[in-house]
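To keep things clear, I will list the structure first and then write my remarks on it.
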Amino acid sequence: MSFINYASREINCKIVYYGPGLCGKTTNLQFVYQKTSPDAKGKMISLATETERTLFFDFLPLALGEIRGFKTRFHLYTVPGQVFYDASRKLILKGVDGVVFVADSQEERLDANIESMENLKVNLEEQGYQLDKLPFVIQYNKRDLPNVTSMEELRSLLNPNNVPEYEACATTGEGVFETLKAVAKLILMELKKGGAGGGAMG
Amino acid sequence: MSSSHSSTFVMYDEELRKINMVSEKLLREANAKVIFLVDKNGQLITSVGETEHLDTTSLASLTAGNIAATGGLAKLIGEKEFSILFHEGEKDNIHISIVGGRVILVVIFDTRSSLGLVRLRVKKASDDYGQIFEDLAKKAAQEDKDGVPSPFAEITDDDIDNLFS
């Protein structure tokens with residue numbers, strides 16, 4: 001649910017990075033953080049375990065500039081990918097405006113990707129959302145590794161609706177901004193459709 | 001109140017002014033340092049008080065995460081929600097409550113005040129906030145019904161592309 005503030009002329013949107021454990025969600029945010037100028041970003045917050053696994057969420061606020069006199073702010077969140085953190089994942093999806101699914105391209109993670117995608121659908125439905133009606137893009141991460149599943153197979157298993165998709169290597173940053181830009185664009189297009197009011201909260 | 005994904009939370013000048021008036025009053029009467037309001041999704045609505053050295057964006061996001069996590073806990077034990085949270089520090093304390101069922105009110109205070117005073121004043125201010133947010137929701141719903149065009153109705157692909165250039 002985006003937040004249009006006529007008083008401060010700001011628009012705030014929430015993007016959630018979803019995907020199986022260790023697929024590179026946090027790495028995506030870290031790369032965005034590193035490559036964004038200091039005046040366009042806030043502090044990146046990572047609520048992580050001692051072994052740097054995401055425990056609750058990562059958070060990165062970004063200011064992208066003005067559109068029609070409104071400052072656009074995107075709040076990027078990641079969910080904890082590990083299966084047993086499902087309760088936390090549900091909470092983070094609340095009020096989401098757009099979703100990025102980060103798939104791990106490695107062969108041995110194929111099942112984990114499919115399971116995580118199903119989990120995303122179930123958790124969204126619980127909140128009254130439908131994935132195919134939300135701004136949604138898929139990123140196939142770790143394309144640089146030797147043991148990857150073919151794009152054809154990933155596509156047929158994870159992207160039956162042909163949403164925008166990007167190959168990426170989040171550690172080097174390849175595809176990271178393309179993915180972010182695509183989901184931000186879909187969210188803004190969605191806003192374009194909506195009315196000025198809407199007003200529904202909570 | 002629907003929670004469909006297309007819904008948007010809107011804030012107007014007039015309501016923001018009213019909200020800030022309630023906040024200023026609460027700040028004074030509760031002897032607090034900072035007061036801010038956050039929507040349940042973690043977006044800062046407004047803040048008053050000594051905010052210069054505070055990262056209010058991060059505070060807003062973590063507060064919402066905090067409320068969401070304790071809300072999850074509440075449901076697990078059969079409660080609807082925990083409407084008040086209190087974090088006690090060595091010097092500063094944080095009092096978090098839900099107003100109007102949908103907005104999070106955060107009061108930061110130190111030894112110049114007390115939990116009892118803050119609770120009392122927050123309770124009083126909550127009704128005022130609740131009324132404003134109710135009016136705000138009605139106003140936004142009416143504008144939606146009247147078909148007032150979104151300020152973003154006219155955006156073009158170029159506008160969007162320019163954001164990333």
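In this text, all values refer to a predicted model and were calculated from it rather than measured experimentally. A, B, ... follow the sequence lines: proteins, then strands. Residue 1 opens every chain.
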| request: Would you mind checking which part of S88(A) comes under 4.5 Å of any heavy atom in chain B, side chain (CB onward), backbone (N, CA, C, O), both or neither? | output: neither

| task | Take atom CD of E90(B) as the centre, draw a 6.0 Å sphere, and report whether it contains more than 12 heavy atoms from other residues, nucleotides or ligands. | result | no

| Nearest-0.5 Å distance that lies between atom OH in Y12(B) and atom CG in N5(A) | 11.0 Å

| said: Quick check for you: to the nearest 0.5 Å, what is the distance between K40(B) atom NZ and M1(A) atom CE? | reply: 10.5 Å

| field | Within 6.0 angstrom of E52(B) CD, more than 12 heavy atoms from elsewhere | value | yes

| said: For M21(B), I'd like to know if atom CE has over 12 heavy atoms of other residues, nucleotides or ligands within 6.0 Å. | reply: no

| field | Contacting moiety of L16(B), where chain A heavy atoms sit under 4.5 Å | value | side chain

| field | Heavy-atom closest pair, residues Y77(A) and S61(B) | value | OH-OG, 3.1 Å

| So which residues of residues 11-45 of chain A are in contact with chain B at a heavy-atom cut-off of under 4.5 Å? | I11(A), N12(A), C13(A), K14(A), K43(A), I45(A)

| message | Please check if the number of heavy atoms outside E174(A) that lie under 6.0 Å from its CD is greater than 12. | response | no

| H75(A) side chain near T57(B) side chain, heavy-atom distance below 4.5 Å | yes

| field | Atom CZ of R155(A) with >12 non-hydrogen neighbours under 6.0 angstrom | value | yes

| field | Heavy-atom side-chain proximity of L62(B) to L47(A) below 4.5 angstrom | value | yes

| Do the non-hydrogen side-chain atoms of D159(B) and R68(A) ever get within less than 4.5 Å of each other? | yes

| said: Once rounded to the nearest 0.5 Å, what's the spacing between atom CG of N66(B) and atom CG of L91(A)? | reply: 11.0 Å

| Expected output: side-chain K192(A) to main-chain I155(B) donor-acceptor under 3.5 Å | yes

| field | Residue pair Y6(A) / V10(B): nearest heavy atoms and the distance that separates them | value | CE1-CG1, 3.1 Å

| field | More than 12 heavy atoms from other groups under 6.0 Å of CD on E52(A) | value | no

| query | With a 4.5 Å limit on heavy-atom distance, are the side chains of L188(A) and F152(B) in contact? | reply | no

| message | At a 4.5 Å cut-off on heavy atoms, which part of L76(B) comes close to chain A: side chain, backbone, both, or neither? | response | neither

| query | Considering all heavy atoms of both residues, which atom of Q43(B) and which atom of F3(A) are nearest to each other, and what is their separation? | reply | OE1-CB, 3.2 Å

| query | Side chain, backbone, both or neither: which part of Q142(B) has an atom under 4.5 Å from a heavy atom of chain A? | reply | neither

| After noting the C-alpha distance and the side-chain angles of E66(A) and L163(B), does the key distance pass the side chain to side chain contact (heavy atoms under 4.5 Å, CB included) rule? | CA-CA 7 Å; E66(A) 287 199 5; L163(B) 283 180; 6.0 Å; no

| field | Flag side-chain contact, heavy atom, 4.5 Å: K181(A) against I160(B) | value | no

| message | Tell me whether the count of non-hydrogen atoms from other residues, nucleotides or ligands lying under 6.0 Å of NZ in K25(B) goes above 12. | response | no

| task | Grab the two heavy atoms, one from S58(B) and one from F59(A), that are nearest each other, plus how far apart they are. | result | CA-CE2, 4.2 Å

